[in-house]
Enquirer: 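The structure under discussion is supplied below as structure tokens; questions concerning it will follow.
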Amino acid sequence: MTVKEAELATVLVDLCADLGTELPQAVRLQRLVDVLRAQFGCGAVALLRLEEERLRPMAVAGLVSDTLGRRFVVGQHPRLAAILARHEVTCFEHDSTLPDPYDGLLDTLVGEPLPVHDCMGVGLHVEGRPWGVLTLDALATGTFGAAARRRLAQSVPLVEAVVRVARLEQELRTLRMAASGPGEGGAALASSERGGVGELEIVGESPALKRLLHELGIVAASELPVLLLGETGVGKELFARLLHHQSPRHDRPLVHVNCAALPESLAESELFGHVRGAFSGAVSDRPGRFEAAEGGTLFLDEVGELPLSVQAKLLRTLQNGEIQRLGADRPRSVNVRVIAATNRNLREQVASGAFRADLYHRLSVYPVPIPPLRERGNDVLLLAGRFLDFNRARLGLRSLRLSPDAQAALRRYRWPGNVRELEHVISRAALKALSRGADRNSIVTLEEGLLDLDALDVPAADGPAAPAAPGPAAGAAAGAALAAPAGTLRDTVDACQRQAIIAALDRHQGNWAQAARALDVDSSNLHKLARRLGLKS
């Protein structure tokens, strides 16, 4: 037995010993890639799971942390496609012309292209089906000779066993937590998160997010109304869609209603429908959103903006399961589950008389607070990785990444606009980099200055309702911007409008309807203007 084979035998024994110990999935898979990196003398090792046509990094060593938030579309990465297509070790020589998916992502080569290097990988199968790939990159050419390839082939059955054990442990942990109810710790992601793809996938590994996903997985199976509470931009709509997707109603419609965008004069008709002749312009019968959601879920976004007159009818529907079209003589039965969301403190609105207490209690049978981004720790980098990869593909870039200073800045920033603000910051920075002459065929590194976070850094208030109403600090910032305008006339006008809206909201404790009256503008037009000016989602 050679020295290398003896070392491999020791590694295999250590990994086998691990299989007898219960470990969280992320810890087990991370230990696996760390061991492989040390054994093969790699610059980087990555374990990626296949989800439809994309490969999702489950554990990496030697790559920047935001790699875990990226998704590698198989059709866009010929090396990964070649590895995935075989159940044997695939090796790419140092002079291979195929682009490397990790270009610019090695943590020892910040923003630099990968030099001439060795690369090999193998497709993994679990229970007879393709599971994903294992990739290894070494910066020293000649590292992956025939002996290294043979050792990797010998390691594949154990790697697949580790992956299978990690998956089974994850499923068992989820079942245990489901049996014990939402109060127990919440240490695991909901199963749909682990296997979810596309727009329903929720990126993050923080304890706060894991607890939330576990809780949503429990309540999704019930018929209880759910009230999602959270600041602007935390993704309430995405979590509402996840609730519907995990519920028994998943094969029926999910109808989204933005209550803030409903003109008061039409809100009743939009929700409950109307009959011909009910009002001027009602030339035919028209079903409302409740009927459109029959058998499924109605998502009432920004429910705190509903007029009081409509709140009364909504309460009757929740109590009796009946609606009555505007102008109709008879009610109709509906079978709809209601999920509502708000960034306001509805208790305060009840106290002020702006929201009905009985409706609040009906909607908040199961309230679910969604944590703001600043409470999700390193999730900000995983989400940044997702948005970096999206913009790389959208803008046709070879590679797009963050400098270490930019990563540190993302961690420090308070994110009053939460995930939506992060998405906009990354997209804007990528466009700025291109406008300043970045080469699409090179690795584009976003420096801290491109993020422009200092200009956005408004202190975040406590509680889920605060971001809807920027406070005095925001007003001061807007005043400073107005006092020294830079740019076009449009920029100056926008700054003036922004300051006026913030001041009105401050005077009226964040109440948009009262601010609209004070500014003498239509409420729906104020919401649209605030969204354009970046004051509202």
Enquirer: Is the shortest distance from a Lys or Arg side-chain nitrogen in E423 or R428 to a carboxylate oxygen in the other one below 4.0 Å?
Expert: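 So E423 does not pair with R428 through a salt bridge.
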Enquirer: Hey, are the side chains of T135 and Y102 touching, using non-hydrogen atoms and a 4.5 Å cut-off?
Expert: yes
Enquirer: Using every non-hydrogen atom in the two residues, find where R149 and V89 come nearest and quote the distance to one decimal.
Expert: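 Shortest heavy-atom separation between R149 and V89 comes out as O-CG2, 3.8 Å.
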Enquirer: How close do C259 and L300 get, counting heavy atoms only, and between which atoms?
Expert: SG-CB, 4.1 Å
Enquirer: Taking atom types as modelled, is there a side-chain donor on T232 or N343 under 3.5 Å from an acceptor on the other?
Expert: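 T232 vs N343: donor-acceptor pair found between side chains.
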Enquirer: May I ask you to test the L262-V257 pair for a side-chain heavy-atom distance under 4.5 Å?
Expert: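 Yes, their side chains come closer than 4.5 Å.
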Enquirer: Could you tell me whether a side-chain N or O of W131 sits under 3.5 Å from a main-chain N or O of R164, the two making a donor and an acceptor?
Expert: no
Enquirer: Salt bridge check: are R398 and D439 linked by an N-O gap of less than 4.0 Å?
Expert: no
Enquirer: With a 3.5 Å distance limit and no angle check, can you tell me whether K236 reaches the backbone of D301 through a side-chain donor-acceptor pair?
Expert: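 The answer is no, because no donor-acceptor pair under 3.5 Å joins these two groups.
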Enquirer: If I take atom CD1 from residue I202 and atom CZ from residue F239, how far apart are they, to the nearest 0.5 angstrom?
Expert: 4.0 Å
Enquirer: Give the intermediate values and the outcome of side-chain contact (heavy atoms from CB on, under 4.5 Å) for residues L395 and R440.
Expert: CA-CA 8 Å; L395 299 175; R440 294 177 190 267; 4.0 Å; yes
Enquirer: Is the side chain of D379 donor-acceptor paired with the backbone N or O of E205 at a distance under 3.5 Å, no angle test?
Expert: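 Pair found, side chain donor or acceptor close to backbone of E205.
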Enquirer: If you measure only the distance, is there a donor-acceptor pair under 3.5 Å linking the side chains of Q76 and R392?
Expert: yes
Enquirer: With a 3.5 Å distance limit and no angle check, can you tell me whether R71 reaches the backbone of L68 through a side-chain donor-acceptor pair?
Expert: yes
Enquirer: side-chain contact (heavy atoms from CB on, under 4.5 Å), that's the test. Do I426 and L402 meet it? Break it down for me.
Expert: CA-CA 9 Å; I426 297 295; L402 295 166; 4.2 Å; yes
Enquirer: Report yes or no: does N418 contribute a side-chain atom to a donor-acceptor pair with the main-chain N or O of R420 at less than 3.5 Å?
Expert: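 The answer is no, because no donor-acceptor pair under 3.5 Å joins these two groups.
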Enquirer: Between the main-chain N or O of R386 and the side-chain N or O of R70, is there a donor-acceptor pair closer than 3.5 Å?
Expert: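 Checked: no pair found.
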Enquirer: Of the non-hydrogen atoms in E302 and A260, which two are nearest, and what is the gap between them?
Expert: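 Where E302 meets A260 most closely, the heavy atoms are OE1-CB, 3.4 Å.
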Enquirer: Between the side chain of S403 and the main-chain N/O of T445, is any donor-acceptor distance below 3.5 Å?
Expert: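 Checking the backbone N and O of T445 against the side chain of S403, no donor-acceptor pair under 3.5 Å is found.
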Enquirer: So, do R54 and V74 sit near enough that their side-chain heavy atoms are less than 4.5 Å apart?
Expert: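 Not in contact.
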Enquirer: Using modelled atom types and a 3.5 Å cut-off, is there a donor and acceptor pairing between side-chain atoms of R56 and backbone atoms of L50?
Expert: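 The answer is no, because no donor-acceptor pair under 3.5 Å joins these two groups.
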Enquirer: With side-chain contact (heavy atoms from CB on, under 4.5 Å) as the criterion, how do W415 and V425 come out once you've worked through the C-alpha distance, each side chain's angles and the decisive distance to 0.1 Å?
Expert: CA-CA 10 Å; W415 298 110; V425 164; 3.9 Å; yes
Enquirer: Ring centroid separation for H125 and H87, is it under 6.0 angstrom?
Expert: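 Centroid distance H125-H87: below 6.0 Å, so yes.
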Enquirer: Less than 6.0 angstrom from the centroid, inside 45 degrees of the normal: does R79 satisfy that with respect to the ring of F92?
Expert: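 Yes, cation above the ring, under 6.0 Å and within 45°.
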Enquirer: Using the side chain to side chain donor-acceptor pair (under 3.5 Å) rule, pick out the option among R31, Q30, R37 that qualifies with D34.
Expert: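 Of R31, Q30, R37, side chain to side chain donor-acceptor pair (under 3.5 Å) with D34 is met by Q30 alone.
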Enquirer: Does L47 reach the side chain of L124, with side-chain heavy atoms less than 4.5 Å apart?
Expert: yes
Enquirer: Side chains of L383 and L373, heavy atoms from C-beta outward: is any pair under 4.5 Å?
Expert: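 In contact.
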Enquirer: Let me confirm one number: the CG-CG distance from L382 to N378, rounded to the nearest 0.5 Å.
Expert: 5.5 Å
Enquirer: For residues R401 and L446, determine if any side-chain heavy atom of one lies less than 4.5 Å from a side-chain heavy atom of the other.
Expert: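 The answer is no; the side chains never approach within 4.5 Å.
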Enquirer: Specify the closest pair of heavy atoms between D118 and G142, including all atoms of both residues, with the distance to one decimal.
Expert: OD2-N, 2.8 Å
Enquirer: For a 4.5 angstrom cut-off between non-hydrogen side-chain atoms, does V255 reach T297?
Expert: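 No - every pair of side-chain heavy atoms lies 4.5 Å or more apart.
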Enquirer: Does Q407 reach the side chain of L381, with side-chain heavy atoms less than 4.5 Å apart?
Expert: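 Yes; the side chains approach each other to less than 4.5 Å.
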Enquirer: Please give me the minimum heavy-atom distance between L228 and I339, naming the atom from each residue.
Expert: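 Scanning both residues completely, I find the closest heavy atoms to be CD1-CG2, 4.1 Å.
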Enquirer: Establish, from distance only, whether the side-chain atoms of S427 and N391 form a donor-acceptor pair under 3.5 Å.
Expert: yes
Enquirer: Looking at every non-hydrogen atom in both residues, tell me the closest pair between A430 and L400 and how far apart they are.
Expert: CB-CD2, 4.0 Å
Enquirer: Got a second to check how far D100's CG is from H77's NE2, nearest 0.5 Å?
Expert: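 Answer rounded to 0.5 Å: 10.0 Å.
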Enquirer: Give a yes or no on whether the backbone of V64 and the side-chain of T67 come within a donor-acceptor separation of less than 3.5 Å.
Expert: yes
Enquirer: Are R49 and L55 close enough, and set up right, to give a side-chain contact (heavy atoms from CB on, under 4.5 Å), and what steps lead you there?
Expert: CA-CA 5 Å; R49 175 178 174 174; L55 285 164; over 6 Å; no
